[in-house]
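Okay, so here's the structure we're looking at.
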Amino acid sequence: MECFTDEEFQSRITIKRLGEYVGKSVILMGWIHRKRLHGQVIFLDLRDESGFMQLVIPKTLEIAKMAETLKEEFVLFVKGEVAQRSAENINPKVALGNLEVFVSEIRVINKSEPLPFAVNLYEGNLDENLRMRYRYLDLRRDVMRQNIVMRHKIIKFIRDYMDNYDFVEVETPMLTKGTPEGSREYVVPSRISKGQFYVLPQSPQQFKQLLMVGGLGRYFQIARCFRDEDLRADRQPEFTQLDIEMSYICQEQLLQFIESFMISLFQKFNPEKNFKFMPFKRISYYEAMTKYGSDKPDLRFDMPIMDATDVFQDTTFQVFINILKEKGNIKGIKVENKSFTVKETKELTQIAIDQGGTKGMFAINFLENSIKSSLASHLKPEEIEKIKAIFDAKPGDTVLLIADIARVVHKTLGILRLEVARRLGIMEKVKNDLAFLWVIDFPLLDWSEEENKYVTTHHPFTSPKDEDIPALFSGDPLKILTKAYDIVLNGSEMGGGSIRIHNQDLQHKIFEMLSLKEEDIQARFGHILRAFQYGAPPHGGIAFGIDRLVTVLQNGSSIRDVIAFPKNNSARDLLMEAPSPIHEDQLKELGIQIEKPKTE
RNA sequence: GGGGUCGUAGCUCAAUUGGUUAGAGUAUCGGACUGUCGAUCCGAUGGUUGCGGGUUCGAGCCCCGUCGACCUCGCCA
């Protein structure tokens, strides 16, 4: 085994600093990134956390014999002299390609087995199962190292930015109490209070409001959140939020503050992208749903949903007659300069049925003086003219129509809108655009058929809009809008928040609308309502998904790539192999019995 | 819980759509080579085609089941 003195470790130079040591002897430590054996000379690329450097070992040296036996990913101690490369040997493709190190001494710090997959490739797919099991090797890959380093730099930028605006970062508890609304929570048994449980926070929502009552004024946190729901490419069971709350603030101030913040962030970390909307576009929830069929529309392209219901008041087409009888809608989107083949139309119809939940789709291809459509025999000339006018259809354009109840029509057309944009290469064309928008004016309440009562669409502390407060007492509760907002980027929800209720009477009225009994209110929200009795300042805030933000800034596609140790699709950690059973003694100590899974 | 895609050498992929002995690149091992930089050249090793069953004269390919990864619907105030 090789030995190293403290002095040697202390005089180690990282590779990125070698430019300062040309002509000098240095000590390097790192991994063999790649090796090139020639007849007369050996090249080793040595990699450390800061970069990589070509080592040169002429075969005339005594150490060459040993150097030939070294393998990729061996950990080396190297002593050598830094030299400027001669002009013809400079490699302009890599950082520090103008330098090399002539080795005088090599010691093997640690050997490595051949790796289960190569970490020195610039590109190429890898099975995620493998990557996760050997995440520590995956992290050696350049793209992963960059993601993790950039994540750090982005978070540091955020902390500095917030600090500059007098925000105070406060940590809030991980072991806390459940809230009945919202997502399913992760549960932690209490040993001291047997039969009782903590839950992990799905967000620090109530704590940040309590911090406002506590006089913090401006709070933020890089906060870990936990939600026990099924996963997606952009959803992990534990994820990181930038959580923000401010006192004495109105919605307009908050939106503008966040907007400037987003602009600074993207200009610093992804300057090649263009902001499509400056200032950010704002649309109501209603408009988002009816015009784009989504509460998080991708507005890098328009292709809005248009209403053709009125065209068919006198239709003879039985399908439409039935829909109209049920107070349904007939709406569509226009696809410019595109005629779908029979096969394409069939595929789109199938998507509409499978994903949208509708029964079919009708395509109308406008030609110079006629149309091509399976609907052609059912359309009167004046109906065709009206459709043409509504969609402003030119010869060559195709209109896709969906007829169903409003909710299904919007959802289906929202899905088709995205599918068509992908197929036509529109998505590819707009990939460098940033379509930031605020979705505002969310309804306060929704009617739950299952529970037969009103439920909040956001959370029960969300303030209604001032002008809608009277409607709480007389009027249609479903028409009440709130001071809630989501920030959407390229079809993905990046964050959301609201101005909160600080008036106790109003808060109680909301609980009343939700059909909550006084004892329920006290049991579930007593702590925060009590806090509000002692002079709560008006306040509001927002929370961002940091993982999604970093993914977009890094032009990635999965948040797993910007998380050092993520979980897989089934919420398992394949590296640590969690979750796992725990010992019988531990269960006993916690007063927990496991129900044996039923076997066939 | 539902739907979809995938699973072939350590890794990344192929196999003319059911037909002879399952191939290539890379890694690994051996050799050659005067400065390369994803070095190159020659040679070798490497396979229970995820697993179990079925159909067939014959299955990597078709069918059923199962396990796993990914995408997605429900779900995520």
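All chains are named by letter (A, B, ...) in the order of the sequence lines, taking the proteins before the strands, and each is independently numbered beginning at 1.
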hbond_proxy [X] side chain to [N] base (donor-acceptor, 3.5 Å cutoff):
X	N	result
A/R85	B/rC37	yes
A/Q54	B/rU36	yes
A/R227	B/rC76	no
A/E100	B/rG35	yes

Output the single nucleotide from [options] whose closest atom is nearest the side chain of [X].
X	options	answer
A/R232	B/rG35, B/rC37, B/rU72	B/rU72
A/K71	B/rC37, B/rC29, B/rG35	B/rC29
A/L121	B/rG35, B/rG38, B/rA39	B/rG38
A/K59	B/rC33, B/rC37, B/rA69	B/rC33
A/A233	B/rU34, B/rC71, B/rC37	B/rC71
A/D45	B/rG35, B/rC29, B/rC37	B/rC37
A/D230	B/rC75, B/rA69, B/rA39	B/rC75

Are side-chain N/O atoms of A/Y219 and A/D243 paired as donor and acceptor at under 3.5 Å?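 Looking only at side-chain atoms, A/D243 and A/Y219 do form a donor-acceptor pair, the distance falling under 3.5 Å.
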Mind checking if [X] touches a base, just sugar-phosphate, or nothing, with heavy atoms under 4.0 Å?
X	answer
A/R572	nothing
A/T457	sugar-phosphate
A/Q205	base
A/N568	sugar-phosphate
A/F525	nothing
A/S86	nothing

Are any protein N/O atoms closer than 3.5 Å to N/O atoms in nucleotides 4-11 of chain B? If there are, list each pair with its distance.
residue : atom : partner : partner atom : Å
B/rG10  : O2'  : A/P116  : O            : 2.9
B/rC11  : O4'  : A/P116  : O            : 3.2

Any strand is fair game: report the nucleotide pairing with [N] by Watson-Crick or G-U wobble, both distances under 3.5 Å, or none.
N	answer
B/rU5	B/rA69
B/rC41	B/rG31
B/rU26	B/rG10
B/rU17	none

[N] versus [M] - spacing of their [atom1] atoms, nearest Å:
N	M	atom1	answer
B/rU5	B/rG65	P	14 Å
B/rG4	B/rG10	C1'	30 Å
B/rU48	B/rC11	P	12 Å
B/rG60	B/rU20	C1'	16 Å
B/rG46	B/rA9	C1'	6 Å
B/rC70	B/rU17	C1'	25 Å

Between atom [atom1] in [X] and atom [atom2] in [N], what is the gap in whole Å?
X	N	atom1	atom2	result
A/E72	B/rC29	CD	P	10 Å
A/D142	B/rG38	CG	P	14 Å
A/K111	B/rU28	NZ	P	15 Å
A/E229	B/rU72	CD	P	16 Å
A/E185	B/rC75	CD	P	18 Å
A/N98	B/rC37	CG	C1'	14 Å
A/I351	B/rU72	CD1	P	14 Å
A/Q236	B/rC76	CD	P	19 Å

Mind telling me if B/rU17 is syn or anti? Syn here is a glycosidic angle within 90° of 0.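 The base of B/rU17 is oriented syn (glycosidic angle within 90° of 0).
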Please report the shortest heavy-atom distance between A/F565 and A/L139, naming the atom on each side.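 Taking A/F565 first and A/L139 second, the nearest heavy atoms are CZ-CD1, 4.1 Å.
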Closest non-hydrogen atom pair between A/P204 and A/C225, with its separation: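 In this case the closest contact between A/P204 and A/C225 is CD-SG, 4.2 Å.
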Against A/E245, only a single residue in A/Q209, A/Q221, A/R500 fulfils side chain to side chain donor-acceptor pair (under 3.5 Å); can you say which?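 Looking at A/Q209, A/Q221, A/R500, the match for A/E245 under the side chain to side chain donor-acceptor pair (under 3.5 Å) is A/R500.
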Do NZ/NE/NH1/NH2 and the carboxylate oxygens of [X] and [Y] come within less than 4.0 Å?
X	Y	value
A/R36	A/D45	yes
A/R235	A/E229	no
A/K296	A/D486	no
A/R423	A/E347	yes

If each of A/N129 and A/D354 is mapped to the nucleotide of RNA chain B with the nearest heavy atom, which maps nearer the 5' terminus, i.e. the 5' end?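 Result of the comparison: A/D354.
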Could you say whether A/P114 or A/K411 is positioned toward the 5' end of RNA chain B, judged by the nucleotide with the nearest heavy atom to each?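 First, find each residue's nearest nucleotide; the 5'-ward one identifies A/P114.
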Kindly confirm whether the side-chain ring of A/H38 is stacked on the base of B/rG35, judged by centres under 5.5 Å and planes under 30°.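 No, aromatic ring not over the base.
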If the test is salt bridge (Lys or Arg N to Asp or Glu O under 4.0 Å), which one of A/R47, A/K111, A/R141 qualifies with A/E73?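 Only one option passes, and that is A/R47.
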Check side chain to side chain donor-acceptor pair (under 3.5 Å) between A/Y286 and all other residues, then give those that pass, not counting sequence neighbours.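 Applying side chain to side chain donor-acceptor pair (under 3.5 Å) to A/Y286 gives none.
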